[in-house]
Amino acid sequence: MDFKLTEEQEVLRKMVKDFAEKELKPNAARIDKSHEFPVDNVKKAAELGLMGVAVPEQWGGAGMDYVSYAIAIEEVSRACATTGVILSVNNSLVCDPLKTFGNDMQKEKFLIPLASGRKIGCFGLTEPNAGTDAANQSTTAVRKGDEYIINGTKNFITNGSVADTAIFFAITDRSKGSKGISCFAIEKGTPGFRAGKEEDKLGICASACSELVFENVRIPAANRIGAEGEGFKIAMYTLDGGRIGIAAQAVGIARAAEEEAVAYSKQRVQFGQPISSFQGIQWMLAEMHLKLEAARLLTFNAAWARQHKDRCSVESAMAKLFAAEAATKITHDAIQIHGGYGYVKEYPVERFYRDARITEIYEGTNEVQKMVIASSLLK
Ligand SMILES: Cc1cc2nc3c(=O)[nH]c(=O)nc-3n(C[C@H](O)[C@H](O)[C@H](O)COP(=O)(O)OP(=O)(O)OC[C@H]3O[C@@H](n4cnc5c(N)ncnc54)[C@H](O)[C@@H]3O)c2cc1C
């Protein structure tokens, strides 16, 4: 077993790290405060191929593998977790289903502009009554000739109000339960389709998160991704990949917090010595590092499985669950090591703590990941 990154992956890590340090980190606190969507960050990330890392070059992407994707999201999120989730959604939740289930015409029309970053995408699965129980969809798609007529509302959609293209799910046959759900693409500006209420969030504050509202929206039948009734399968397959992105986001946030905690512990003096000389602090740092490394290994393991296996649901669930819990604990302890200074906005660790918390919720809560893991043991 070889744990070394390839030369190509090492080059990518360095390139993304340099980019994130120079272009993203200096603005992260400002956009956290202003809640201003970071258009420039996305544009610059797109120039480096980071909007479609694991999409073949033929379809507008960087043509790399999923481990490279995890590396890129970790490095971006270490500098700016908001930008991390924007890119993660575009890569895994939008480009990936188009790459896997779209036909050539759909790849040409939707995937190339999204993977190259000329356009930005969002993924609409969640509804007010379909959160963890994602199959309980209310949005409907009724076939009329060569079109579908869509009605319903999605909520909590990352990139929702800024997206040019949305991948979304709707019921085409209610009698069939989860097998009556289908997947569609829709473009901004389609009559009757609009973003609704924008959420004011605890963390990842500059990422847009809104409702998507469909009122008698007509879309061509050619916008259906995959077969009728295949939508839930597409959504679950897509989330397997998305959870790797969120695990990588958690690893990036946790790494930023650990770095700040180590540096602060070496310069903060109490009782006439740096607090890093106290065993209580050292043990906290050791626990942080242990969790961080384990989280990254699980994330890479899931990314490797995504690349080489048909499905990676369990690997992805384990990576996301572990990395999210690790990020919450590591950012919590980073504040502890900073004492009162950790609680104020002059230092970045309070932002890391707020940013980390969502990784335990979106793309399936911790409880959902445990359901996936347990059901694999009990089948
Ligand atoms: C900032 C943000 C961004 C998001 N981005 C997107 C996006 O881009 N696209 C999208 O489609 N969705 C998105 N979501 C939605 C997100 O995926 C859901 O919020 C999440 O899946 C949980 O659903 P819910 O909020 O309805 O919680 P609920 O399903 O109501 O769950 C509430 C609690 O009950 C627990 N629970 C529920 N069922 C069970 C069970 N059977 N056993 C044990 N515990 C259970 C849950 O784990 C949770 O703790 C986003 C959410 C947020 C906050």
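Since this is a predicted model, take the numbers as computed values, not measurements. Just follow the structure's listing: the first ligand is 1, and inside any ligand the first atom is 1.
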Checking a contact table here: which protein heavy atom is nearest [atom], and how many Å away?
| atom | answer |
| --- | --- |
| atom 49 (O) of ligand 1 | E367 OE1, 3.4 Å |
| atom 12 (N) of ligand 1 | T126 OG1, 2.6 Å |
| atom 51 (C) of ligand 1 | F156 CB, 3.6 Å |
| atom 24 (P) of ligand 1 | G131 CA, 4.0 Å |

Test of proximity, [X] against ligand 1: N or O pairs below 3.5 Å:
| X | result |
| --- | --- |
| V368 | no |
| Y362 | no |
| L125 | yes |
| T132 | yes |

Looking at ligand 1, does K370 have a heavy atom less than 4.0 Å from it? no
Residue-ligand contact V89/ligand 1, heavy atom below 4.0 Å: no
Do any pairs count as a ring pair (Phe, Tyr, Trp, His ring centres under 6.0 Å) and have a residue in residues 38-71, sequence neighbours left out, and if so which ones? none
Applying a 4.0 Å heavy-atom criterion (strictly less than), which segment of [X] is in contact with ligand 1: side chain, backbone, both, or neither?
| X | result |
| --- | --- |
| D133 | neither |
| E363 | backbone |
| E199 | neither |

E127-T139 side chain donor-acceptor pair, cut-off 3.5 Å: yes
May I ask which of L239, I246, T365, N136 has a heavy atom nearer to atom 22 (C) of ligand 1 than the others do? T365
